Amino acid sequence: RNYFRLRKPIERRIYELARKHCGWQAEWRISLALLQKKCGANSSPREFRRLIGRIIEQDRRHAHLPDYSVEFEEEDLVLFRNRGQMSKVNRTAAETPGITLKSETLEEARQAAPGWDIYHLEQEWRAWITEPPRDADAAFLGFCRKWYERRGPPA
């Protein structure tokens, strides 16, 4: 509901990007130039920095953005932090309705992340996604590949 209290389109777009990229994570960093590109802002970099500075100032004073805090971390780096209202607690398959994975996908996932419990990976994936993907099977397989790439075989 608080999303609809954001009056300026730039504020709404910033929130949408934070929700998409930060999601359930603790924090998300992005360069000011890339944030401007993702927002589709046509203003000069200096003007965009001023606009973001105003949003950050309002957020500091009034917790302006729902679910996330925003601040400058370095001169050209913006940091979004999850305020803790968006937690992973009890996100299960029941809370991601309409997403079913094919049995072939689970077999391919076993090959993509050998040694890992596929059902555990599925729960992690469902907790990680913020909205239903267009192709759930492909998204889950990509998640499994990345999981294995970053963590390797289970200990």
Side-chain angles (χ1 to χ4, degrees), residues 1-42 48 51-52 55-56 59 63-74 76-155:
R1 277 182 231 174
N2 290 336
Y3 169 81
F4 296 104
R5 292 189 183 127
L6 298 174
R7 296 180 310 205
K8 298 176 184 170
I10 188 84
E11 293 172 340
R12 287 185 178 193
R13 184 66 183 142
I14 295 288
Y15 173 78
E16 290 164 357
L17 289 168
R19 173 117 183 182
K20 177 181 179 187
H21 293 287
C22 188
W24 308 97
Q25 301 173 66
E27 58 188 32
W28 172 60
R29 290 173 178 80
I30 186 170
S31 71
L32 196 59
L34 185 56
L35 183 61
Q36 182 176 7
K37 186 177 179 182
K38 285 184 176 278
C39 285
N42 293 327
F48 185 75
L51 290 170
I52 297 301
I55 292 171
I56 289 171
D59 190 61
H64 187 63
L65 279 183
D67 306 324
Y68 305 98
S69 67
V70 60
E71 60 190 63
F72 283 122
E73 189 173 57
E74 295 173 12
D76 290 330
L77 200 62
V78 181
L79 172 67
F80 292 87
R81 283 202 174 103
N82 189 328
R83 293 188 200 273
Q85 299 158 342
M86 301 280 294
S87 67
K88 285 187 178 180
V89 178
N90 295 329
R91 285 199 79 212
T92 63
E95 292 170 314
T96 51
I99 298 178
T100 54
L101 299 173
K102 299 174 188 166
S103 58
E104 302 87 44
T105 301
L106 296 178
E107 286 305 315
E108 287 180 51
R110 283 187 180 89
Q111 294 170 358
W116 285 95
D117 177 10
I118 297 306
Y119 300 105
H120 169 73
L121 292 180
E122 183 181 2
Q123 284 182 328
E124 290 291 323
W125 174 70
R126 288 180 186 276
W128 176 74
I129 60 175
T130 57
E131 58 188 49
R134 284 186 215 118
D135 184 349
D137 295 296
F140 178 62
L141 287 173
F143 177 86
C144 291
R145 284 186 197 102
K146 275 290 189 195
W147 182 278
Y148 190 80
E149 182 182 301
R150 290 182 179 161
R151 292 172 178 82

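Just so it is clear, the model here is predicted, and its values are computed rather than measured.
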Undergrad: Output all residues satisfying salt bridge (charged side-chain N to carboxylate O under 4.0 Å, His left out) with Arg110, sequence neighbours left out; order by chain, then residue number.
TA: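 Arg110 satisfies salt bridge (charged side-chain N to carboxylate O under 4.0 Å, His left out) with Glu107 only.
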Undergrad: Using side chain to side chain contact (heavy atoms under 4.5 Å, CB included), reason through Cys144 and Tyr148 one step at a time and then give a plain yes or no.
TA: CA-CA 6 Å; Cys144 291; Tyr148 190 80; over 6 Å; no
Undergrad: Are Gln25 and Asn82 packed together at the side-chain level, in the sense that at least one heavy-atom pair is separated by less than 4.5 angstrom?
TA: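 No. Closest side-chain heavy atoms not under 4.5 Å.
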Undergrad: Just do the side chain to side chain contact (heavy atoms under 4.5 Å, CB included) check on Ile14 and Val78 with the steps written out, would you?
TA: CA-CA 11 Å; Ile14 295 288; Val78 181; over 6 Å; no
Undergrad: Taking everything shown except Tyr119 itself, do over 12 heavy atoms lie less than 6.0 Å from its OH?
TA: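 Atom OH in Tyr119 is not crowded, with 12 or fewer foreign heavy atoms closer than 6.0 Å.
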Undergrad: Walk me through it: do Asp59 and Tyr68 pass the test side chain to side chain contact (heavy atoms under 4.5 Å, CB included)?
TA: CA-CA 9 Å; Asp59 190 61; Tyr68 305 98; over 6 Å; no
Undergrad: What pair of heavy atoms forms the shortest contact from Leu141 to Thr105, and how long is it?
TA: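 Closest pair (atom of Leu141, atom of Thr105, distance): CD2-O, 3.5 Å.
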Undergrad: To the nearest 0.5 Å, what is the distance between CZ on Arg19 and CG on Leu65?
TA: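 Output value for this atom pair is 13.0 Å.
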Undergrad: Can you pull the salt bridge (charged side-chain N to carboxylate O under 4.0 Å, His left out) pairs that have at least one residue in residues 133-153, sequence neighbours excluded?
TA: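 Qualifying pairs, neighbours excluded: Lys146-Glu149.
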Undergrad: Where is the tightest heavy-atom contact between Trp28 and Leu17, given as atom of each residue plus distance?
TA: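 In this case the closest contact between Trp28 and Leu17 is CZ3-O, 4.0 Å.
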Undergrad: Shortest non-hydrogen contact from Pro133 to Ile129?
TA: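 Looking at all heavy atoms of both residues, the shortest contact is CD-CD1, 4.3 Å.
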Undergrad: Could you name each residue pair satisfying salt bridge (charged side-chain N to carboxylate O under 4.0 Å, His left out) that touches residues 21-37, not counting sequence neighbours?
TA: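 Only Glu27-Arg29, Glu27-Arg81, Arg29-Glu73 qualify under salt bridge (charged side-chain N to carboxylate O under 4.0 Å, His left out).
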Undergrad: With no hydrogens and no angle check, just 3.5 Å: does a side-chain donor-acceptor pair link Asp67 and Tyr15?
TA: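 Yes, a side-chain donor-acceptor pair sits under 3.5 Å.
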Undergrad: Can you tell which of Glu124, Glu122, Gln123 makes a side chain to side chain contact (heavy atoms under 4.5 Å, CB included) with Arg126?
TA: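 Only one option passes, and that is Glu122.
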Undergrad: Test side chain to side chain contact (heavy atoms under 4.5 Å, CB included) on Ile55 and Lys8 and set out the steps.
TA: CA-CA 10 Å; Ile55 292 171; Lys8 298 176 184 170; over 6 Å; no
Undergrad: Under 30°, 30 to 60°, or over 60°: which ring-plane class applies to Trp147 and Phe143, parallel, tilted or perpendicular?
TA: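 The arrangement is tilted - the two ring planes meet at 30° to 60°.
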